[in-house]
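What follows is a single structure, written as structure tokens, with notes after it.
Below, read A as the first sequence line, B as the second, and so on, with proteins coming before strands; counting in each chain starts at 1.
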Amino acid sequence: MSDHETHIRVRFAPSPTGHLHVGGARTALYNYLYARKTGGKFVLRIEDTDAKRSTVESYKGIIEAMEWLGLNWDEGPLRGGDFGPYTQSGRGVLYHNEVQKLIDNGNAYYCFCTPERLEEMRFEMKEKKLPPKYDGRCRELSEAEVAERLSKGVPHIVRFKMPHDGTVFFRDIIRGEFSFENGNLDDFVLIKSDGNPTYNFAVVVDDAHMKISHVIRGDDHLSNTPRQIHLYHALGYNVPKFAHLPMILGSDHSRLSKRHGATSIAYYRDRNYLADGLLNYLALLGWSLDGKRELFTHQALIEKFSLKKVSKNPAVFDDSKMKWINSEHLKKLPLTKKIVLVQGVLNDEGLLPPAFDVDISKPVDLKIVPGGEEMTGKKALNYNMNDKETERLGTIINILGNRLKLLNDVPDVIGYFYTDDYRVDEKAVRLHLLRSEVPNRMNKLADEYERLKYFDRESVEKVLRDLAFNLEITAGELIHPCRVALTGKIVSPDIFWVVVLLGKTKTVERLRKAAKFYS
RNA sequence: GGCCCCUUAGUCUAGUGGUCAGGACGCAUGGUUCUCAGCCAUGAAUCAGGGGUUCAACUCCCCUAGGGGCUACCA
């Protein structure tokens, strides 16, 4: 690694005018990954120069979302650093010093044109099918004239004096060489009449002062880059390297907006998606390792990421793939971790502590649970659950297996283990319970279970199969109504495990209740 | 209007002049099973269009079309 590479500094610079959305998060992620991969620094800077649109709620929301995602910044709000402040509203003096430099060396000038005149001018130019550029009226104002208007307090802005001829060249890490004719660029605004810098000016000043080595951002900024390069030159700073990321589009291929529904990071956080899963999916939106491997842990992302492998084409956000990635991450979590997460969701839904005690007569041997993972370390004692309940939950999660794809499905998928007030699927009832022969069978099954001494999986299955044999029906004809009676659903994990984990008392109670209710 | 970027299945992508155009999600079918999920197997589906260059083009060049961006005292 060369000396230069040891000084890699990148930044994510959102404006606090809304929530952190998937596009911004992806940009933040790539910056973060690049910094971690290269041992550089990741800076978070808040670009709040638009006083009208910036809000503290957005600011807080962005910071919270970044933290939830685990995109830890080295310098910025809450962390500080040697190049602060990291909020542009706190850097006013700096912009004014810098713009003064530009005015002094003839690269910028005061402009007294009113917004009304500019609008008129633009309108006329459009009529004449000319590019709507600033006409440069104030560009050649004499020093005396400027001084006079200034002293009178005439509202003004500051513009960059763009050369009329020449070409600006630059190279983008992802897209290669670019050149822009200066003639197509106009005298853009540096300082607004409220004294705040514009985006194009503030980014350059801040990136230069914060010693940003690589500017990694969305390609909606590609067209701004030539203007910014002029500023770097005029200000006498080194031009950083650029990497313009393809944008993330909505399903209709238009720019992501509120119309597209689920675009905010908070939305997924609130629905109990896993941060690492989201990161994984976001990473894939515009980057791939080899087109084959798609599942990456946070750490693997850092190891494998490369700017060179970022694609040029815009990507459409696909919810179903994101769900899949999320489920894969969920699958891979160790059991103890899953228990804690599931407990959290159950608790949020008011399902903890359980509405009833379940007495499992014989402790469940996790070794015989399909794909059963044993609990390691001490049990997770959260949300008023005792050891036994925690162990039961661990077993429930084990028997659930891959059926659990989204943590948010937990209440629906296993709620019946925790309350009697669970949702009953009418279709399931119609299909399996509303039949004349069923109530009697359910009662018989309840009788058998009531008599059972050891309520373990083996016994519970034997009882049911023996009963089916005696009644001269298939096991399925008992199993399906039993499932609906116990869970209210047409689908569930292995029914015998459900019986065991629901416990003798509840199982018998629900079988009888179903028999009575649907006879 | 001007300037700029992008274009492989529905979606994300691999591909860098000669490949049966590979993978993944999703979809469909079959197998396993008490249901579902899973797992296994199988299948449908792609190089935007047109010109060149070349013995050979998804790959290089040009044009067209489509999509996106910038052109703000938004960022």
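- Within the 4.0 Å cut-off from OP1 or OP2 of rU13(B), at least one side-chain nitrogen or oxygen of Ser311(A) is found.
- Arg227(A) comes within 4.0 angstrom of sugar-phosphate atoms only, judged by non-hydrogen atoms across all strands, and of no base.
- Between rC6(B), rG26(B), rC5(B), one nucleotide has an atom nearer to the side chain of Ser320(A) than all others, and that is rG26(B).
- Distances were taken from every side-chain heavy atom of Asn402(A) (C-beta onward) to each of rC6(B), rG38(B), rA75(B); the shortest belongs to rG38(B).
- At the heavy-atom level, Ser15(A) lies under 4.0 Å from the strands shown only through sugar-phosphate atoms.
- Annotation: Arg137(A), atom CZ; neighbour count of heavy atoms from other residues, nucleotides and ligands within 6.0 Å does not exceed 12.
- A heavy atom lying under 4.0 Å from RNA chain B marks the following residues of residues 188-195 of chain A, by number: Val189(A), Lys192(A), Ser193(A).
- Among residues two or more places apart in sequence or in another chain, the side-chain contact (heavy atoms from CB on, under 4.5 Å) test is passed with Ala25(A) by Leu20(A), Leu69(A), Ile265(A), Leu282(A).
- Counting heavy atoms of neighbouring residues, nucleotides and ligands inside a 6.0 Å radius, atom NZ of Lys192(A) exceeds 12 of them.
- Nucleic acid contact for Ala315(A): sugar-phosphate only, since backbone atoms but no base atoms lie under 4.0 Å from a heavy atom of the residue.
- With sequence neighbours excluded, the residues satisfying side-chain contact (heavy atoms from CB on, under 4.5 Å) with Pro439(A) are Ala515(A), Ser519(A).
- Looking at heavy-atom distances under 4.0 Å, Lys405(A) makes contact with sugar-phosphate atoms alone, never a base.
- Thr17(A) comes within contact range of no nucleotide atom at all, as no heavy-atom separation falls under 4.0 Å.
- Partners of Lys152(A) by side-chain hydrogen bond (donor to acceptor under 3.5 Å, both in side chains), not counting sequence neighbours, listed by chain and number: Glu148(A).
- Using a distance-only test at 3.5 Å, with no hydrogens or angles considered, no donor-acceptor pair links the side chain of Arg159(A) to the main chain of Cys138(A).
- If you check rG1(B), rG68(B), rA72(B) against the side chain of Pro132(A), the one that comes closest is rG1(B).
- Between Asn182(A) and the phosphate of rC3(B), there is no side-chain N or O to OP1/OP2 separation shorter than 4.0 Å.
- Residue Arg255(A) is classed as a sugar-phosphate contact, given heavy-atom separations below 4.0 Å to backbone atoms only.
- Considering every non-hydrogen atom in both Pro246(A) and Asp219(A), the closest pair reads CA-OD2, 3.8 Å.
- Nucleotide rG38(B) forms a pair with rU32(B), judged by Watson-Crick or G-U wobble geometry with both contacts under 3.5 Å.
- Nucleic acid contact class of Ile490(A) (heavy atoms, under 4.0 Å, all strands): base.
- Among the protein residues, Ser288(A) comes within range of the sugar-phosphate backbone only, with heavy atoms under 4.0 Å from sugar or phosphate atoms but none that close to a base.
- When distances run from any side-chain atom of Asp318(A) to the nucleotides rG10(B), rC4(B), rG68(B), the shortest one goes to rG10(B).
- Side-chain nitrogen and oxygen atoms of Arg293(A) include none within less than 4.0 Å of the OP1 or OP2 phosphate oxygen of rA14(B).
- Each of rG69(B), rA37(B), rU7(B) was ranked by its minimum atom distance to the side chain of Asp220(A); first place goes to rG69(B).
- Within residues 110-122 of chain A, the residues approached by RNA chain B to less than 4.0 Å at the level of any non-hydrogen atom are Cys113(A), Pro115(A), Leu118(A), Arg122(A), in residue-number order.
- Distances from the side chain of Trp324(A) to the nucleotides rG26(B), rC6(B), rC34(B) place rG26(B) closest.
- At the heavy-atom level, Gly286(A) lies under 4.0 Å from the strands shown only through sugar-phosphate atoms.
- No donor-acceptor contact under 3.5 angstrom links the side chains of Asn326(A) and Tyr268(A), judged on distance only.
- Nucleic acid contact class of Thr474(A) (heavy atoms, under 4.0 Å, all strands): none.
- Shown for residues 160-171 of chain A: no residue has heavy atoms falling under 4.0 angstrom of RNA chain B.
- Of the C1' atoms belonging to rU59(B) and rU8(B), the separation is 11 Å, rounded to the nearest Å.
- Using a 4.0 Å heavy-atom distance criterion, Glu294(A) is classed as a base contact.
- Here Asn224(A) lies in heavy-atom contact (under 4.0 Å) with a base.
- When rounded to the nearest whole Å, the span between NZ of Lys126(A) and C1' of rC3(B) equals 15 Å.
- Here His244(A) lies out of heavy-atom contact (under 4.0 Å) with every strand.
- Considering only the side chain of His253(A), rU11(B) comes nearest among rC4(B), rC5(B), rU11(B).
- More than 12 heavy atoms of other residues, nucleotides or ligands shown are found within 6.0 angstrom of CD on Gln100(A).
- Take the nearest nucleotide of RNA chain B for Glu177(A) and for Asp186(A): the residue whose nucleotide is more 5' is Glu177(A).
- Among the nucleotides rA75(B), rG68(B), rU35(B), the one closest to any side-chain atom of Arg483(A) is rU35(B).
- Partner assigned to rC27(B) is rG43(B), using Watson-Crick or G-U wobble distances below 3.5 angstrom.
- Counting any heavy atom pair closer than 4.0 Å across all strands shown, Pro493(A) reaches a base atom.
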